[in-house]
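Excluded from the calculations below are hydrogen atoms, water molecules and symmetry mates; all remaining heavy atoms, backbone and side chain alike, are included. All figures in this text were calculated on a predicted structure; none of them were measured in a lab. Letters go in sequence order (proteins before strands), and every chain restarts at 1.
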Amino acid sequence: MSGPLIVGVLVAAGVFLLLRPGQLRLVLGFVLLGHAVNVLLLAAGGLHRREPPADGGGSESADPLPQAFILTAIVITFGITVYLLRLLRRASRRGSRPPETWDGGPR
Amino acid sequence: MSVLLIVPLVGPLLAAAVLLALPGRLVLRRVVALLATAAVIAVGVVLLLATCDGEVPVLRVGDWPPVVAITLAADPLSALLVTVSATVVLACLVAAAGTGDDRRQAFLPLTMVLSAGAYGAYLTTDLFNLFVLVEVMLVPSYVLLALSGGPGRAGAGRVYVATSLLGSTILLAGVGLLYGVTGTVGLADLAGMAREVPAAAVAGGVVLLAFALKGALVPLHDWLPRAYPVASPVVVALFSGLLTKVGLYAIIRIYAVLYGGDPAYHPLLVAVALASMVIGVLGAIGVGSMRKVLAFHMVSQIGYVLLGLALFTAASLAAAIFYLAQYVLVKAALFLCAAVVRATRGTDRLSRLGGLASSNPLLALAFGVAALSLAGLPPFGGFLAKFLVLRAANEVGDWFVLMVAVLVSLVTLLSMLKIWGIAFWGEVPRAARERTARPGLALLGPPLALGGCALLLGPLGGPLLQVADAAAAGLLEPAGYVRAVSGR
Amino acid sequence: MLLLDVVLVVLALSMTVVLGRLIVGPTDADRAAALDHGFFVFLAAVAVLAVRLDTPGLLDLVLTGTLVSFLATVALARLVHRRRP
Amino acid sequence: MSGVVWRAAVRAARIAGFLAWFAGRLVQANLVVAREIVTPGLGLQPAVVRVPLCARTDTEVALLTLFVTLTPGTLALAVRRDPRVMWVHGMYAADATAFRRAVAELEGRLLAAVRPVGGGRTGSEGGG
Amino acid sequence: MIRMLLASVILVIGVSLIVISSLGLIRLPDVYNRMNAVAKSGSLGLICVLLAVLLLLPSPRTVLVGLVAVGLQLVSAPVGGYALARAAYRAGSPLAESTRYDELGGRVPAVRRRAGRG
Amino acid sequence: MATPARLLRAGMILAVVLGGQFLLAAAAPVLTWWWGRNAGYVLAVGYLTGAGLLISQRPVLLADQAVTISWPWLPSLGVYAELRMDALSLIFALLVLGVGASVMAYCPRYLSPDSRHTRVYVTMTLFAGAMLGLVLADDLLLLFAFWELSSILSFVLIGQDGRPQARGPAIQALVVTTTGGVALLVAVVVLTASLGTSDLHLILADPGRLATGPAWAAGALVIFAAVTKSAQVPFHFWLPGAMVALTPVSAYLHAATLVKAGIYLLMRFSALFGGQWPWDLTLIGLGLLTAIVGALLALRQHDLKALLAYSTVSQLGLLVSVIGVGTPASDAAAILYTIAHALFKATLFMLVGIIDRQAGSRDIRALSGLWRAMPITVTLTVLAAMSLAGLPPTIGFVGKEAIFEALVTVDEVPWLGWIAAGLAVLAATLTFAYAARLVHGVLSGPTRQRELYEPAWSFLAPAAVAAVLATALGPAVAFLSPMVERAASDARPQGQAPYLAFWHGFTPALGLSVLTVLLGTLLFWYRRRTDPVLAAIPTTSPFTGHLERWRRALVRLGAVVARPAQVTAPAPYLARPLLAVVALAAVAALLLGPLPARHPDATRPGDWLVFGLLLVTLAGLVTTRSALAAVALTGAVGLILAIWFLATGAPDVALTLMLVEVLTTVVVMLALRGRPGRLVAPGRRVGIIAGIGLAVLAGVAATAATAALTGRRDLSPVGAWYLREASSATGGQNLVNTILVDFRALDTFGEAVVLAVVAVGLIGFARPAEAVRHRPDAVRHAVDPVLELAYRVLAPVMLAASAVLFLRGHQELGGGFIAALLAGTAVGLGHLAHPAGAPLLGRLRGAPLLTVGLLLALVAGMAPLAVGRAFLTPVKLPLPGVGSVSSALLFDLGVYLMVLALVVAAVRRLDSAPAGPAPGPVRERDR
Ligand code: NA
Ligand code: NA
């Protein structure tokens, strides 16, 4: 059950951050959700096989495909995170908001 | 034939690479983008002709055996959407030359990448690859929205990126869950699974939910009218022709293949479809700029398409596909009209417009044709589309659906009349009297051409209906597609 | 093996302490310092895991980690802000 | 030719010697700090001390900073180029002069080790 | 056997150092003292753990990789530590009450006011 | 009997005439360009030519045959674009073209000479084409298309380019008529579906096939459509409103054509629905009601055009009621009266237009004594008015007689015939009265206007021809008889209609006519007394006010519906999808049956260690208000998960995750630099509680979904294939890497493109000026000796490690992406050490890296095409000097460059703005 629980707490924390005001929270919330999906993908391959996948691996070799999925997903999430941060940078540069809140949410 | 399948994906990407390497030379850049898109259209037509004859061209990327290869495949539905979307892209490229949108270095390469992602999404049969290609399509859209947006783009961009991203996350989770249940992400291997394995239906439901968000179905629609109207009209036209359509396409494909059109879900789908139709059209009548009205209409029109899917008969699927194809063209025409308005008058807020019919008769013609087609009036393509939907609804004896569809089309007309009455007929505002610019051919040509398509699709709708029929048959009985893709 | 497991548990406890400092602060500098230390704990855990799981390849990860970890610390250092939370 | 090899060998030996000395000091300092933490009650005498430097190049300053920072109980807080000064936070620096002397010793040994054999301004690491 | 024993001892030392520096993170009064303890003891602890691992997994490659890692750790850790210490002081992280004197700029460094303007 | 060949030729004539109409419309701009407003004459000739061609087929029709032609339109639905002309169609077609020709001939003198009026001519001609198509269409869909086209074109004609006073009426007309159109569409759908064909002729030929349910629905819908189009009560309000149009347009649309479309529709469908009492009685009742209401309203008008408009409403009502009678005689009467009405109403409109033009007013009260100045005009007006009033010898008289006669025969209910006839007499009486007022208005009194002249003959001629026809066809009605009879039986094949004659003898109908005249005279005579009564009648339909109110309500409702899409904060947009996910999970939990068992070995003790740490970290993350803490804790989450990935056999993932965490921290630092280190307040308590609620629900749903849907099956076939075959198929030992580079290279390509796009986005955003402005002095001081040294020492190591990881990726931990990230950290370090641009790495630029990377990946992917292999198949490529290189390696290099491009772009561009407390030299404070 550890896999599902890890997914669950990551999702809960991620969702909470998404729903709170502030753009940095939004970015970090998505980072957490991305982690959650990665754990889920690995769980989808089956967590009872835990050897790093290797040629002709035995009954303990993990399914390599979800790992490849995760790597692709991590990269995409990273790219989008960078983009979101860029948006954040823009937003904060537009000025006109009180200096206290560089990540302006609804006011 | 099969080798053509990579053209829609690789052609625009190659063009994007060339465009990145060619900063500055605007004319040359435009030619490159146009050529790549024209090539995709040509390939789309060839694929269309081949697939309507029953062939299913299949390409296994990397020549790997079917069990591991990412497989691209075309059936009439994919081929049609590739063709139609590429047509919209072409029109938008021309219009962008008119509005000057493409003077930004990033515009053309991003447009190319975005379109490549969309075409790829239509052609891939692998759900994880679909996720990747959807991202390839969406990420350029984030940038385009931010690059082209007017005031307020930061807020709108935030909402857009956030919802898209949530959709992608849900999508990926759904794909993961499907893999967890079935051990595959290949559409062909998943065929009919949801009917046999209830858990697969749940996992597939997550995927469908993600696409419902991306396709802006009610109640997950509100990001679209929030975000789209901020972008420049040409960019919105581009989005309207590609982005939500991919969501819709994926819903159609997955529901047909994975669920085999399981009738257990029809009531839910019908409810969502009707809600989208109604909420979309009501929203359209309640807002005050051309782009906002049109954005809400997207929601409404998507509902019509989904309705066709929900009924899941040969007639209704054909209706949905016909509707989808014609409405993509019409909607792009309308957004490009908004582009002309904005280029000439500097705004598309209805309260600051007026007198366009007399100052710009050709624009009025293009808008009128497209608007009437959108409202489903003859002799335009929208009329046949609406007729087909009504016919399908009547066929299954659902009078409530029929009535809602009819009333929604009336309100659609009302909202178009609202634009017409204020922007095209009203008094020319004082501010506009000095600064009205004459639109050039590049600006007026695309909406006129697309409007012409809308017009011709009425009297000459037969061939499109044939394609739609063929596509519907493929969705209703996906065995041939599945066999070709799975190689078994 | 038992020793390794105990070591891993001890490292986890250390990590908890690190996290506590990360959360409590009170200054951003404290947090950054905590993360810096947390990275060492992480790398130590990876090294131990390399033995525990018998995959020497994980040492590559440790090497890469030592190569890049300070970058995160330097980056965080630039974020350290003067005001108390 | 052989002169070059000879000089390099001497320099390597000096550096190794310095490292050995430093390793000893490192262990010692570690033990001090560890005892401080483990035993109840704190006997700290922290202070921020201004230490004038003899180092000439940026590289030398940087190296010194690293070694100071690597040593438990001392922490470089800032450096200035002109004149070359370093401020060091010490856990046991009740006596500023003694503390400065300790740092100066480290600096002297370091510079002696890294400076090219036979003088000359530039080192193998190059100027900053 | 001796190798194993040695490895275990080094491992225990390393982990102890890490634990001790973690405790230091709790016990020491201000950020400078904490950094003093942590950036070094922790780093040394990691190095010890690495050395223990080299003994436990002896092969030319692990030895090479491990030693390089140790070297890198020795170079990189103080870089981070210094950057952090400097930033902490510039940001005005308070010195503990027990601090005897501050020859850099008192508790309110000049930098702080300049930064406030920029 | 006509031979098939002849019929085919005849069919072509339909196509030619209809097509010709649209060609004329297309040619109209040219014509007006040449001849200005006089183009109307040319168009009139065109209309007449068409009419002549159609009339030439008269023998065929009289021989009880129809002229048809068809093309496939939607073959898969069996829908053909089929035209068919029988006598009924011919009569309506002739009205369309004939009246059209006279209106076209009238236009040139009516329209102002100073502009070309292209749009009027084009639209009118298109409109005539639509009407022609409507009456010739033999397919329901085609008929509907022309029906709606006529509505749209009338909207354009009424709207007149949006003159302020025309906008409302035009929109009203379109809304009402398209509402009816939609009803017709539904009727078409119902009929097509229940009869299996949309061929009108086939449907009408066999009325018995229609089941009762659909028949009711379709019949009601057809009536609704006709009622809206023919402006019957309660939809009569739009027609008078439409009088804002140009007078010729009114003459054409609202006398002869548009409104007659409803009449045509009812006649056509009589064959299908007629004889059923609901249909018949509805038509009779509604028609008579409209006739009386319309006439009453006409009686109180002073504006001649408005009077004529209400008169049209009334007359059409009469027609509708007669169609409901449903005998051969009644059908003939309806047809005859349709002709009559078209003739006299068009005449009257044209004459009113002339009077308006000449006298400058069309208000009865302002006009007076015109006959002295304009005797011909007034004479013609009187003739037409006689026809309207049903006085002999006009065709109006014959028509009205026939109507009375037909109504008397109604026998569904006892005495109904006489009641109907009585009501018709009432309507006719009112009609007589307002016709009298019209005549009195133009005749009586002194001539007030000074400069009042008879208009030019060319202005008068079209009206004169129509007026003369309307009069002369009364005595000569026998000339029309064969065609009308034929048409009546076309409408309803149920026996011979009586021969039409001018003089019927002393019939009850004649008595009713006399009664009408007597009562009408009285009503006119006592008009002073009746006026107040009339003035008390409300002019508007119950809909007129409500319609606007409903529209407003709709707009308000729309604004409410649109409100959620105006919110600025992203949270509400995210909450709904999340709720949907939770709902999906809840439903699934309720409905999902037993699942296969979870694998018992899926959780190990160490996992709980990870879970516990994660829990602590996340708790801190959601509660902290320090930006740095949030970033650091997120990094900690990544590291903890990396440990978990190590423990579950995914070292590649762990390594990637670690590198990504470091780089993310660097990027966050760049993005946040110089900003206060506090997160915004978490919002109001209610929002927080709702957020916690949704977060917990989502977490539970995610846990449940993962637990239920994963870990319950054995190794997947794909996974087994990879473990078995991947290594030998690719020669690589690191299976995950072989998947990325070989088997699923397309995914990897896509992911690299995503990064490339983000890089383009970053590059595209920055304004170079901004970047340059803040650089130099912020930075020269900032070169820190320690970081500088670290860069010099560590960057080469990083690059070397990157190269090693890249080259060995296929075999061990590593690969293009990881390698590129490591190189990226070197770039990041370079930037931190030298913000102005690090030596060497600082020269890297995103755009060229990006371009080269993308091109390289594409070329490597396409290389196999040259040897006939599929896209992205790994092949050996010849490389001069080296021998050969795998295309997969080149592809990976392309990916490497694209990833590096992103890092470079991020580092360079995110930092291009002025930063806050940048690390500068510390200065000693003098004490
Ligand atoms: Na994602
Ligand atoms: Na979209």
Side-chain angles (χ1 to χ4, degrees), chain B residues 6 14 17 20-21 61-64 67-68 70 106 113 129 132-133 135-136 139-140 143 147 155 158-159 162-163 166 177 180-181 183 198-199 202-203 205 209 213 219-220 222-223 225-226 279 282-283 285-287 357-358 377-379 390-391 394-395 406 410 417 421 425 462 465-466 469, chain F residues 73-76 145 148-149 152 161-162 167 171 178-179 182 186 189-190 193 554-555 557-559 561-562 564-565 568 570 573-574 576-577 580 584 588 592-593 705 709-710 713 716 718 721 743-747 750-751 753-754 757-758 760-761 764 850-851 854-855 858 869-873:
Chain B
I6 61 156
L14 203 56
L20 287 171
V61 178
D63 267 348
W64 299 108
V67 62
V68 288
I70 293 176
V113 175
N129 190 238
V132 173
L133 290 170
E135 295 302 306
V136 168
V139 175
V143 183
L147 276 180
R158 205 153 49 222
V159 169
T163 44
L166 183 62
L177 291 174
V181 174
V202 176
L209 189 72
L213 178 57
L220 311 178
D222 44 11
W223 61 268
R226 170 74 184 94
I279 298 283
L282 284 178
I285 211 158
V287 291
S358 48
L377 288 183
L390 296 183
R391 175 173 163 272
N394 178 67
E395 196 183 71
V406 158
L410 271 181
L417 281 176
W425 272 357
L465 184 58
Q466 271 170 345
D469 280 330
Chain F
W73 182 14
L74 305 173
S76 63
E148 290 286 65
L149 185 57
I152 296 167
D161 300 345
R167 281 176 222 156
I171 289 178
T178 48
T179 307
V182 159
V186 176
V189 168
V190 170
L554 204 59
V555 170
L557 179 61
V561 167
T568 319
Y573 299 89
L574 301 175
R576 259 155 287 189
L584 176 65
L592 212 56
L709 303 182
T710 69
R713 61 165 173 76
S716 68
V718 197
W721 191 96
F743 300 105
R744 299 190 68 96
L746 189 57
D747 285 346
E751 123 207 336
V753 169
V754 165
V757 167
V758 172
V760 169
L850 198 65
T851 312
L854 187 54
L855 276 175
L858 278 169
R869 308 293 302 275
F871 182 58
L872 283 174
T873 309

Which heavy atom of [X] sits nearest to which heavy atom of [Y], and what is that distance?
{"X": "B:A17", "Y": "F:L858", "value": "CB-CD1, 4.3 Å"}
{"X": "F:L709", "Y": "B:A199", "value": "CD2-CB, 3.5 Å"}
{"X": "B:V136", "Y": "F:G750", "value": "CG2-O, 3.4 Å"}
{"X": "B:V159", "Y": "F:P570", "value": "CG2-CA, 4.0 Å"}
{"X": "F:A562", "Y": "B:V287", "value": "CB-CG1, 3.5 Å"}
{"X": "F:P577", "Y": "B:L209", "value": "O-CD2, 4.3 Å"}

Using non-hydrogen atoms only, which part of [X] is less than 4.5 Å away from chain F: side chain, backbone, both, or neither?
{"X": "B:L220", "result": "side chain"}
{"X": "B:L133", "result": "neither"}
{"X": "B:A162", "result": "both"}
{"X": "B:V67", "result": "both"}
{"X": "B:D63", "result": "both"}
{"X": "B:V61", "result": "both"}
{"X": "B:L166", "result": "side chain"}
{"X": "B:L177", "result": "both"}
{"X": "B:I6", "result": "side chain"}

Check: Looking at residues at least two apart in the chain, or sitting in another chain, which of them share a side-chain hydrogen bond (donor to acceptor under 3.5 Å, both in side chains) with F:T851?
Finding: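 Counting only residues at least two positions away or on another chain, F:T851 forms no side-chain hydrogen bond (donor to acceptor under 3.5 Å, both in side chains).
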Checklist line | Residues in side-chain hydrogen bond (donor to acceptor under 3.5 Å, both in side chains) contact with B:R391, at least two apart in sequence or another chain | finding: none
Item checked: N/O donor-acceptor pair under 3.5 Å between F:R869 side chain and B:G62 backbone -> no
Residue part contacting chain B, namely of [X], when any heavy atom lies under 4.5 Å:
{"X": "F:V753", "result": "side chain"}
{"X": "F:W721", "result": "side chain"}
{"X": "F:L584", "result": "side chain"}
{"X": "F:R713", "result": "side chain"}
{"X": "F:L557", "result": "side chain"}
{"X": "F:I152", "result": "side chain"}
{"X": "F:L574", "result": "both"}

Notebook entry, point to check: Can you tell me how far CG of F:L74 sits from CG of B:L465, rounded to the nearest 0.5 angstrom?
Noted result: 5.5 Å
Next item on the list: Enter the distance from B:I285:CD1 to F:L554:CG here, rounded to the nearest 0.5 Å.
Entry: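 Between B:I285 CD1 and F:L554 CG, I get 4.5 Å after rounding to 0.5 Å.
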Check: Any idea which of F:D747, F:I171, F:V561, F:V718 has the most non-hydrogen atom pairs under 4.5 angstrom with chain B?
Finding: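 Heavy-atom pair counts peak at F:D747.
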Notebook entry, point to check: Hey, which of F:L872, F:L746, F:V555, F:V190 has the most heavy atom pairs under 4.5 Å with chain B?
Noted result: F:L746
Choice from [options] maximising heavy atom contacts with chain F below 4.5 Å:
{"options": "B:S358, B:G421, B:P379, B:G286", "result": "B:G286"}
{"options": "B:V202, B:L282, B:L417", "result": "B:L282"}
{"options": "B:P219, B:A106, B:G183", "result": "B:G183"}

Next item on the list: Apply ring pair (Phe, Tyr, Trp, His ring centres under 6.0 Å) to F:Y573 and B:W223, showing your working.
Entry: CA-CA 6 Å; F:Y573 299 89; B:W223 61 268; 9.1 Å; no
Next item on the list: Assess whether side-chain contact (heavy atoms from CB on, under 4.5 Å) is satisfied between B:L377 and F:T178, documenting all intermediate values.
Entry: CA-CA 8 Å; B:L377 288 183; F:T178 48; 4.0 Å; yes
Next item on the list: Using a 4.5 Å cut-off on heavy atoms from C-beta on, say whether the side chain of B:P378 contacts that of F:L149.
Entry: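 Heavy-atom side-chain distance check fails, nothing below 4.5 Å.
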